[in-house]
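What follows is a short report on a single structure.
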Amino acid sequence: MSESKSEPKSEPKSEIAPETASPLEQSESEIVASRRAKLKRFREELGFEPYGQREDGLLARSDARTRFSESAHVAFDLASKEAKAAGTAANAAADTRAVVRVAGRVVQHRDMGKLVFLFLRDATGDLQISVSKSSVAANAFELAKHADYGDILVAEGPIGRTNKGEICVWATSISLGTKSLAAPPEKWHGLTDPELRYRRRYVDMYANPETAKVFAMRARIVSRIRRFMDARGFLEVETPVLQPIAGGAAARPFTTHHNALDMPLFMRIAPELYLKRCLVGGMRKVYEINRNFRNEGIDRSHNPEFTAMEVYEAFGDYGTMMELTESLIHDLAVSMIDERRAAGLRVDADLAEGGPTLPWGELAINYAKPFVRVKFEDLFRQGAGCEMRDFAAVRAKARELGLHHEAKLDDWLVVNEVFEECAEPLIDPCRPTFVTDYPSAVSPLTRPSRTDPALCERWDIFIGGMEVGPAYTELNDPDIQLAKFTEQLKGADDEESTFRTLDEDFVESLRVGMPPAGGLGIGIDRLVMLLTDSASIRDVILFPLLKSMGASSPDAGASDESGKGA
RNA sequence: GAUUGCGUAGCUCAGUCGGUAGAGCAGCGGCCUUUUAAGCCGUAGGUCCUGGGUUCAAGUCCCAGCGCAAUCACCA
């Protein structure tokens, strides 16, 4: 932080605590031990390879179930009952049931003696496998009987149903896909501890099918965004994640270092300055969907690395970007109706009211076009009860609100604070809302309005109370840009100046000449949260950052003169 | 960063007034050819997050720390 004295925080000794057993071995519980014993038995006594092999012709659970034919099932059932009554073997040729080959993780196991029911789970759902002692080889029956929760099995057989109506595969063969050694979560309650769900996401994903569904939906949402952008003639580009200067936003960056070049580098906080260089180079319409990294706090809507889309269109402006954003988000919302239906989620949304309505927590967000548009100045007046340009009134309002540091702030910053306090809460969280024409003073990288220099051509879109993204008519005057950068650097404190540097090459690119342009940034994670009804950004990021566990080494056996005992 | 809450068996959770650590599922050994959280009989399983303190006695009360969550602050 501010004090970077030459005092090392930790002892440089770095002595590695010699552990008697590895953490994995230490955690070897009775359950794991019995699974290891079983693995050995499956391999040595039953002849199954515990880590499987290539399998061809596997059907997803959802496809396998569509192969079920009631008539084939009834015909076979009748034929086998008659054969049994007549004391003869059933005519195998008369069996018209489809034969399927499936694989999945054991999530239910019911041993009835000579008949074993298993539920195998794959990414598309659960499918029952019924294993009769009389229908499979002896070793396969033993495998089915002693399979553990979490094991991955491969099964083949005709698809029929049970007396209770459960569609199932009547197995004729069973083999081991992979033996699971770890203790599984509780089979009914599953894994509910949020910390364990994030730390052991690989368990969460199979134990809680909703989790996997959200990530499948996320993948399709991102695909749709790309198709939308491609169809509009945008070129997807990839710009540096490792940047010598962290520009394009004001966040604190992560720092790193390139050894061969002996050069400090920053993980990017935004791709903006490189995408603009693409416009200078002659690309008319570009976008990038990629990770940004910001060394800031973590909460329900912030993860240190997050996915953003930035879009730049030459000869566009913030109005162009507004139309694009509105169409994109509307189209995505429409597609979520079918997504939710397919995922078996609540669909009280309907298009009759002029647009799709999707639940987000307690809210029902209506994505009908057009989205709400409100001018910053009008919303301010409505919320604060005074004109934003009447600074005396605004400051009075700020003091009334208890914004005690008001006196230290520039007029427009006070306006901004009062706006966030009084006006933003007025935005209907159930309607996507563009707040337009921000004060120029709080938007340094935006082109000032041609009609009113106090304002600038910028909007922010709010959905569900979250800021999903801003758009600008981009500033492309190199002299003004340079002046703004210089001003920004002047205001930087000690900490900021360690990572904030003037990007002279970017200014130079503007001197070469960047066409007038509209630019847009959208937080993909937040958009996915809204569309998938997820409360936290961690629910839409597969492996969110958590604090590391097991930092017990510092005080392990080090030199301790702390008087122990009294 | 602040406040509040939580942390007990592999998992999901009880644990009263401070008095020998509990259940279900999972595990292990049995029985069962139509189960749907299957059932029945038997059995085993604990660093009560960590470290101090108070007390004859602490899972329980106090202090500090660690982790997680929520809210707030921060984040153009």
Side-chain angles (χ1 to χ4, degrees), chain A residues 1 26-35 37-38 77 106-119 126 128-135 141 145-146 148-150 160-168 170 180-200 203 207 248-252 269-270 272 292 294-304 306 412-413 416 420 438-446 456 458 460 467 470 472 484 488 491 521 523 535-536 538 544 546-552 554-555 560 562-566:
Chain A
M1 308 299 262
Q26 279 183 335
S27 72
E28 192 92 328
S29 68
E30 180 194 357
I31 290 175
V32 175
S34 77
R35 283 172 175 244
K38 234 178 231 186
D77 207 35
V106 176
V107 292
Q108 291 291 351
H109 183 263
R110 300 190 188 100
D111 179 358
M112 311 298 297
K114 296 190 180 65
L115 181 65
V116 177
F117 298 112
L118 300 149
F119 271 86
D126 298 349
Q128 180 168 301
I129 312 298
S130 305
V131 187
S132 166
K133 189 174 187 182
S134 60
S135 303
F141 187 70
K145 212 171 166 60
H146 296 286
D148 285 320
Y149 287 83
R161 61 173 168 77
T162 64
N163 291 348
K164 296 286 172 63
E166 181 78 37
I167 292 175
C168 70
W170 284 101
S180 173
L181 294 177
E186 214 263 1
K187 69 178 177 184
W188 177 244
H189 297 93
L191 193 66
T192 60
D193 180 344
E195 182 175 357
L196 281 179
R197 291 183 60 190
Y198 297 138
R199 288 195 192 279
R200 312 192 73 209
V203 175
R252 278 193 295 272
I269 54 177
E272 171 157 351
N292 291 341
R294 296 189 180 177
N295 207 338
E296 310 273 1
I298 297 177
D299 63 29
R300 227 171 55 248
S301 60
H302 294 84
N303 194 62
F306 63 100
W412 283 109
L413 287 177
N416 200 41
E420 284 174 10
Y438 275 65
S440 202
V442 298
S443 316
L445 302 187
T446 311
C456 66
R458 163 188 166 189
D460 274 32
E467 193 184 336
Y472 308 145
K484 298 242 183 197
Q488 190 180 17
S536 166
R538 290 180 163 177
L546 298 178
K547 275 202 188 178
S548 309
M549 298 293 284
S552 57
D555 58 311
D560 59 314
S562 55
K564 54 176 66 172

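Each chain gets a letter, A, B and so on, in the order the sequences are listed, and its residues count up from 1.
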Say you pick atom [atom1] in [N] and the same atom in [M]; how far apart are they, in whole Å?
N	M	atom1	result
B:rC40	B:rG24	P	10 Å
B:rC25	B:rA14	C1'	15 Å
B:rG19	B:rA58	P	11 Å
B:rG46	B:rA73	C1'	40 Å
B:rU16	B:rU4	C1'	25 Å
B:rG45	B:rA21	P	15 Å
B:rG59	B:rG51	C1'	16 Å
B:rG52	B:rU47	C1'	16 Å

Is any side-chain N or O of [X] closer than 4.0 Å to OP1 or OP2 of [N]?
X	N	result
A:R199	B:rC68	yes
A:T192	B:rU12	yes
A:K133	B:rU33	no

I need the [atom1]-[atom2] distance between [X] and [N], as an integer number of Å.
X	N	atom1	atom2	value
A:E195	B:rG67	CD	P	10 Å
A:K145	B:rC32	NZ	P	8 Å
A:R200	B:rU12	CZ	C1'	15 Å
A:R35	B:rC28	CZ	C1'	13 Å
A:K547	B:rG65	NZ	C1'	11 Å
A:I269	B:rA76	CD1	C1'	10 Å
A:I298	B:rA70	CD1	P	12 Å
A:L115	B:rC31	CG	P	16 Å

Strand partner of [N], provided both Watson-Crick or wobble distances fall under 3.5 Å:
N	result
B:rU60	none
B:rC40	B:rG30
B:rC72	B:rG1
B:rU54	none
B:rC25	B:rG10

Worksheet entry | cation_pi(A:R458, A:Y438) dist<6.0 Å, angle<=45 |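 Yes, cation above the ring, under 6.0 Å and within 45°.
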Give one of base, sugar-phosphate or nothing for [X], where a contact means two heavy atoms less than 4.0 Å apart.
X	value
A:W170	base
A:Y198	sugar-phosphate
A:D299	base
A:K484	nothing
A:A182	nothing
A:S134	base

Discussion item. Checking the side chain of A:R35 only, and the main-chain atoms of A:S180 only, is there a donor and an acceptor separated by less than 3.5 Å?
Written reply: yes
Discussion item. Quick check: closest heavy atoms across A:P544 and A:Y198, and the distance to 0.1 Å?
Written reply: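 Reported closest heavy-atom pair: CG-CD2, 3.9 Å.
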Item to complete: Give the minimum heavy-atom separation between A:W412 and A:V442, together with the two atoms involved.
Response: O-CG1, 3.7 Å
Protein and nucleotides 37-39 of chain B: nitrogen or oxygen contacts under 3.5 angstrom:
{"unit_1": "B:rA38", "atom_1": "OP1", "unit_2": "A:Q108", "atom_2": "OE1", "d": "3.4"}
{"unit_1": "B:rA38", "atom_1": "OP1", "unit_2": "A:K187", "atom_2": "NZ", "d": "2.1"}
{"unit_1": "B:rA38", "atom_1": "OP2", "unit_2": "A:Q108", "atom_2": "OE1", "d": "2.5"}
{"unit_1": "B:rA38", "atom_1": "OP2", "unit_2": "A:R110", "atom_2": "NE", "d": "2.7"}
{"unit_1": "B:rA38", "atom_1": "OP2", "unit_2": "A:R110", "atom_2": "NH2", "d": "2.0"}
{"unit_1": "B:rA38", "atom_1": "O5'", "unit_2": "A:R110", "atom_2": "NE", "d": "2.8"}
{"unit_1": "B:rA38", "atom_1": "N6", "unit_2": "A:D111", "atom_2": "O", "d": "3.4"}

Discussion item. Looking at A:T162 and B:rU36, is any side-chain donor or acceptor paired with a base atom of the opposite kind under 3.5 Å?
Written reply: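 Checked by distance alone, the answer is yes.
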Worksheet entry | No-H, no-angle donor-acceptor pair, A:S132 side chain to B:rU33 base, under 3.5 Å |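 Such a pair is found, so the answer is yes.
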Worksheet item: Heavy atoms, side chains only, cut-off 4.5 Å: are A:N292 and A:I269 in contact?
Response: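 No, their side chains stay 4.5 Å or more apart.
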Practice prompt. State, yes or no, whether a side-chain contact exists between A:F117 and A:Q108 at a heavy-atom distance under 4.5 Å.
Written response: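 Sidechains of A:Q108 and A:F117: no contact.
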